[in-house]
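In this text the structure is predicted, and so the values were computed from the model without any measurement. Just so you know, residue 1 is the first one in the sequence shown, and it goes up from there.
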Amino acid sequence: MSSWKGLIAEYKDFLPVNENTPILTLKEGNTPLVPLENLSEEWGVEVYVKYEGANPTGSFKDRGMVMAVAKAKEEGSKTIICASTGNTSAAAAAYGARAGLRCIVVIPEGKIALGKLAQAVMYGAEVLEIKGNFDNALDIVRSISEKEPVTLVNSVNPYRIEGQKTAAFEVCDALGQAPDVLAIPVGNAGNITAYWKGFKEYHEKKGTGLPEMRGFEAEGAAAIVQNKVIEEPETVATAIRIGNPASWDFAVRAAEESKGKIDYVTDEEILDAYQLLAKREGIFAEPASCASIAGLRKQIESGEIKKGSKVVCVLTGNGLKDPSTAMDTVAVKPVVLPNNEEAFLSHIKGGVTQ
Ligand code: F0G
């Protein structure tokens, strides 16, 4: 039985908590750092994945949300609100339920994965769809939170960043030091901001070193790379379908200060990485997560990531959140056979190559 107490209790010395902060937890954090044995050998680098899909609601958002909701509760708020491409809304709904707060989530109509929507409704959030994209939804909830007594729990809430920075601590603890490279998907750019803050704080306290921060947007939503707002972002990786990232400047700074880069990957590269990770390593992460693997592959080929480097790719969300993309992506579907052992035997034997 693990004695892991959850993020707030485990990292209180690094977090803005005091005696009035509720020790809210669903035992988030402490996620596995898994070595990619097969792909490391093939690519000539030492790759690990930080598997954030193992968090209670299946994404890294739980780290930020536990802090944001605990602080909202501490400050006497009764209602939380967020815009979301799905994972933030799932996490807000779960922690809101746990803390007894009203939770309102605003999502782009038809553009969030089914599992994420199921989570928000199961946890009892009030789900509002907007005929618009994430950026439009964020504009609305930001404005509402300035006028109404509701707490905004998107990553523009600084407590979200505080909670999410703890993933960098765990990476350093697992490896004994920071990796050479941290590869991470970029959507609204809160998580790359949080990791960079975490690496810097840990280095200051424990001398763990600093990685190159390499962030990856989807090509159809690559606002930072193109240095312009994308009015109609489009990508198969719906979680990062964002055209005007709120933490844009912080992401640019993280890349510059660490001598890394914000780059993009195509949908084809994302879907290739998505399948490769599942088929070669037994790890199922949602499409947006796989932007980190696709980006690693791209920059090994370009020579920007050197052979022999120690690389951590952040896998931000669980593959089970988005079963539709999985079924649309794989060419081979389950074979249907009669209810009869013979038929199975002959099919299996026929399928065995000698
Ligand atoms: N990966 C996944 C699975 C995500 O859900 C998100 C963001 C990101 C990567 C990008 O992280 O925004 O900090 O750069 N999802 C948000 C949401 C926008 O509403 O769930 P970021």
Side-chain angles (χ1 to χ4, degrees), residues 6-8 10-17 28-31 33 49-57 59-71 82-85 87-88 91-92 95 138 152-174 178-179 181-206 208-217 224 239-240 242 245-258 260 262 288-289 291-292 295 312-317:
L7 282 193
I8 295 181
E10 296 284 346
Y11 292 116
K12 58 180 181 314
D13 295 346
F14 290 90
L15 294 172
V17 296
E28 58 293 316
N30 197 24
T31 55
L33 188 73
V49 291
K50 182 68 172 155
Y51 191 60
E52 291 291 279
N55 275 302
T57 79
S59 88
F60 72 98
K61 304 285 181 178
D62 293 345
R63 293 179 185 275
M65 205 53 76
V66 72
M67 266 314 301
V69 174
K71 293 304 276 189
C82 66
S84 184
T85 56
N87 282 322
T88 297
Y95 285 90
L138 185 58
L152 183 65
V153 294
N154 280 104
S155 57
V156 290
N157 176 328
Y159 297 124
R160 280 279 311 278
I161 303 297
E162 290 299 312
Q164 283 170 216
K165 76 184 181 189
T166 59
F169 303 166
E170 291 177 15
V171 167
C172 293
D173 283 342
V181 174
L182 192 283
I184 185 167
V186 173
N188 212 25
N191 212 26
I192 189 169
T193 303
Y195 268 84
W196 183 233
K197 186 168 198 289
F199 281 121
K200 286 195 296 189
E201 286 181 12
Y202 227 50
H203 179 55
E204 222 162 82
K205 280 244 165 87
K206 305 196 176 211
T208 37
L210 296 170
E212 290 171 14
M213 299 294 291
R214 297 188 172 272
F216 298 95
E217 299 183 294
I224 301 175
I240 53 172
I242 295 173
S247 296
W248 186 318
D249 294 344
F250 291 117
V252 169
R253 210 175 307 155
E256 280 176 5
E257 285 177 9
S258 71
I262 309 293
S289 299
S292 62
V312 170
C313 293
V314 182
L315 295 182
T316 45

Fill in the blank from the handout: Separation between CG (L33) and NZ (K50), nearest 0.5 Å, reads 6.0 Å
Could you report the tightest heavy-atom contact between [X] and [Y], atom names first, then the distance?
X	Y	value
M67	Y159	CB-O, 3.3 Å
A239	A288	CB-CB, 3.6 Å
C82	A92	SG-CB, 4.0 Å
A251	I224	CB-CD1, 4.0 Å
N30	R63	N-NH2, 4.1 Å
V153	T88	O-CG2, 4.3 Å

Problem - Inter- and intrachain pairs under salt bridge (Lys or Arg N to Asp or Glu O under 4.0 Å), touching residues 155-165, at least two apart - result: E162-K165, E162-K197, K165-E201
Are any non-hydrogen side-chain atoms of [X] and [Y] less than 4.5 angstrom apart?
X	Y	result
N87	T57	no
S258	L210	no
E217	P245	yes
K200	E257	yes
R253	W196	no
N157	L152	no

Problem - Sole residue of I184, V49, V171 in side-chain contact (heavy atoms from CB on, under 4.5 Å) with V312 - result: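 Single side-chain contact (heavy atoms from CB on, under 4.5 Å) partner of V312 among I184, V49, V171: V171.
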Fill in the blank from the handout: The single option from I262, L182, V252 that satisfies side-chain contact (heavy atoms from CB on, under 4.5 Å) with I192 is I262
Keeping [X] on the side-chain end and [Y] on the backbone end, is there a donor-acceptor pair under 3.5 Å?
X	Y	value
D62	A91	no
S289	L315	no
E170	G29	no
K71	P16	yes
N154	A83	yes

Exercise for the section: List the steps, then state whether side-chain contact (heavy atoms from CB on, under 4.5 Å) holds for T316 with I240. Expected result: CA-CA 11 Å; T316 45; I240 53 172; over 6 Å; no
Practice task
Check the angle between the aromatic planes of F199 and Y195 and answer parallel, tilted or perpendicular using the 30° and 60° thresholds.
Solution key: tilted
Exercise for the section: Tell me yes or no: between the side chains of S59 and E52, is some donor less than 3.5 Å from an acceptor? Expected result: no
Handout entry: Any donor-acceptor N or O pair under 3.5 Å, side chains N191, Q164
Key = yes
Practice task
Return the set of residues passing side chain to side chain donor-acceptor pair (under 3.5 Å) with D173 (not counting sequence neighbours), or none when no residue passes.
Solution key: Y202
Problem - Set of residues satisfying side chain to side chain donor-acceptor pair (under 3.5 Å) with respect to E256, sequence neighbours excluded - result: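 E256 satisfies side chain to side chain donor-acceptor pair (under 3.5 Å) with no residue once adjacent residues are dropped.
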Problem - From CA spacing to verdict: side-chain contact (heavy atoms from CB on, under 4.5 Å), N188, L138 - result: CA-CA 10 Å; N188 212 25; L138 185 58; 3.8 Å; yes
Problem - Test: K205 cationic atom under 6.0 Å from F169 six-membered ring centre, within 45° of axis - result: no
